[in-house]
Amino acid sequence: MDKYRKKYTVTSAQMDADFRLSVAGIAQLFQDCYASYMAYYECAAFDLRKKGLMWIITDFTFQIPGPLPMWGDCMEIELWLSARPSVKVACDYRFINKGRTVIEGTSNWAILETESRQPVVSRDILTRQQVFEDHAIEKRRPRFQNPQEGSAVAVHVTGTSDTDFNSHISNLTYLKTAIDALDINYVKSHATDMVSMRFVHESFLGDTLETSFCNEADEPDMWHFSIAKAKGPVCCQASVRFRAFNAGESEFTNDSTIRQYPA
């Protein structure tokens with residue numbers, strides 16, 4: 001089998017205020033593609049649940065060379081295992097739009113026993129998946145920096161919509177919580193270049209998450225986040241690099257393939 005490929009269309013649920021694929025939409029879609037790939041081999045979450053096992057994602061990083069797909073654009077995600085599974089499962093991916101790689105990234109996953117939350121040897125379960133020793137991005141992950149005491153803090157109380165099929169707080173919630181902590185005018189005037197996240201501890205419905213964040217003195221558009229339970233352990237570390245929008249970049253143009261469809 002070649003690298004796994006699946007076609008997607010950017011829907012309104014995955015677009016940002018400028019009608020382009022959102023950062024959360026990127027994370028959602030590559031994880032959906034990974035789930036579809038594993039389902040092909042009968043190793044999806046619902047397959048493992050029957051065996052008392054569960055999938056978790058331990059970290060992901062993606063870069064956005066762009067331009068981002070727009071609402072209605074049809075694109076393809078190419079995804080593959082980039083190293084032989086051990087305990088962790090390394091998976092790289094590319095988003096291809098109009099023949100061009102517009103997003104590229106890497107991720108690591110693990111399989112846990114549902115009851116004990118202890119990891120199992122993934123290669124004993126993923127016996128048929130082919131490995132392609134190809135890396136979508138050269139620099140696998142930036143060095144996370146923990147914001148110092150006294151950094152800005154934002155608070156989020158988790159609700160029902162924050163949970164995933166494992167009944168803990170979804171990794172997408174951490175991503176949205178990090179972005180939401182920043183000043184809205186800054187976010188509206190900047191595009192995202194890179195996102196990197198590492199998941200350390202689980203959190204659950206009703207937990208209060210405190211997000212500490214700061215930017216780098218020498219690179220003010222590089223932001224670092226530490227998301228922790230109130231009076232509890234750090235659940236997630238994240239780094240996000242932004243850049244100022246280029247002229248006209250945030251405008252909806254005739255490039256969208258949605259215009260090619262009959263009314």
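Remember, it's a predicted structure, so these values are computed and weren't measured experimentally. Count residues from 1 along the sequence.
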R20/D73 ion pair, N-O < 4.0 Å: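 Between D73 and R20 there is no salt bridge, as every charged N stays at least 4.0 Å from the carboxylate O atoms.
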Heavy-atom pair of closest approach, residues V153 and S212: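 Taking every non-hydrogen atom into account, CG2-OG, 3.8 Å.
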Reference residue Y34; test ring pair (Phe, Tyr, Trp, His ring centres under 6.0 Å); the match among F60, W55, Y41: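 Result: among F60, W55, Y41, W55 is the only option passing the ring pair (Phe, Tyr, Trp, His ring centres under 6.0 Å) with Y34.
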is_close_aromatic(Y186, F242), centroid dist under 6.0 Å: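 Yes, the ring centres sit under 6.0 Å apart.
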CD on Q28 to OG1 on T11, rounded to 0.5 Å: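 Between atom OG1 of T11 and atom CD of Q28 there are 7.5 Å.
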E202 with R117: basic N within carboxylate O range, under 4.0 Å: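 So E202 pairs with R117 through a salt bridge.
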Qualifying residue, where the test is side chain to side chain contact (heavy atoms under 4.5 Å, CB included) with H156 and the options are D180, T173, T211, I227: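 Of D180, T173, T211, I227, side chain to side chain contact (heavy atoms under 4.5 Å, CB included) with H156 is met by T173 alone.
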Aromatic plane relationship, W109 with F30 - under 30° parallel, 30 to 60° tilted, over 60° perpendicular: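 If you compare the ring of F30 with that of W109, the planes turn out perpendicular.
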Student check: side-chain heavy atoms of L81 and F132 closer than 4.5 Å: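 Not touching, per the 4.5 Å side-chain cut-off.
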Within-4.5 Å side-chain heavy-atom neighbours: R84 and R123: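 Counting from C-beta outward, R84 and R123 do come under 4.5 Å.
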Side-chain touch L21/I26, heavy atoms, less than 4.5 angstrom: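 Contact flag for L21/I26 side chains = yes.
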NZ/NE/NH1/NH2 to OD/OE distance under 4.0 Å, D207 and K229: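 Result for this pair is yes, salt bridge flagged.
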Check: S107 side chain, C91 main-chain N or O, donor-acceptor pair, under 3.5 Å: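 Confirmed, S107 side chain pairs with C91 backbone.
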H224 versus S239, side-chain donor and acceptor atoms under 3.5 Å: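 Yes, because at least one side-chain N or O of S239 sits under 3.5 Å from a partner of the opposite role on H224.
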Worked verdict on E113 versus S116 for side-chain hydrogen bond (donor to acceptor under 3.5 Å, both in side chains): CA-CA 6 Å; E113 294 178 344; S116 69; 2.6 Å; yes
Heavy-atom check, side chain of I179 versus side chain of V187, under 4.5 Å: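 Result yes, sub-4.5 Å side-chain heavy-atom pair found.
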Residue pair F95 / L68, side-chain heavy-atom distance below 4.5 Å: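 When only atoms from C-beta onward are counted, L68 and F95 do not touch, as no gap falls below 4.5 Å.
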Heavy-atom side-chain contact between Y4 and E78 under 4.5 Å: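 No, their side chains stay 4.5 Å or more apart.
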Short side-chain to backbone donor-acceptor contact, S22 and Q14, under 3.5 Å: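 A pair under 3.5 Å: yes.
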Point-to-point distance, once rounded to the nearest 0.5 Å, from CD1 of I56 to CG of D59: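 Taking CD1 in I56 and CG in D59, the distance rounds to 10.0 Å.
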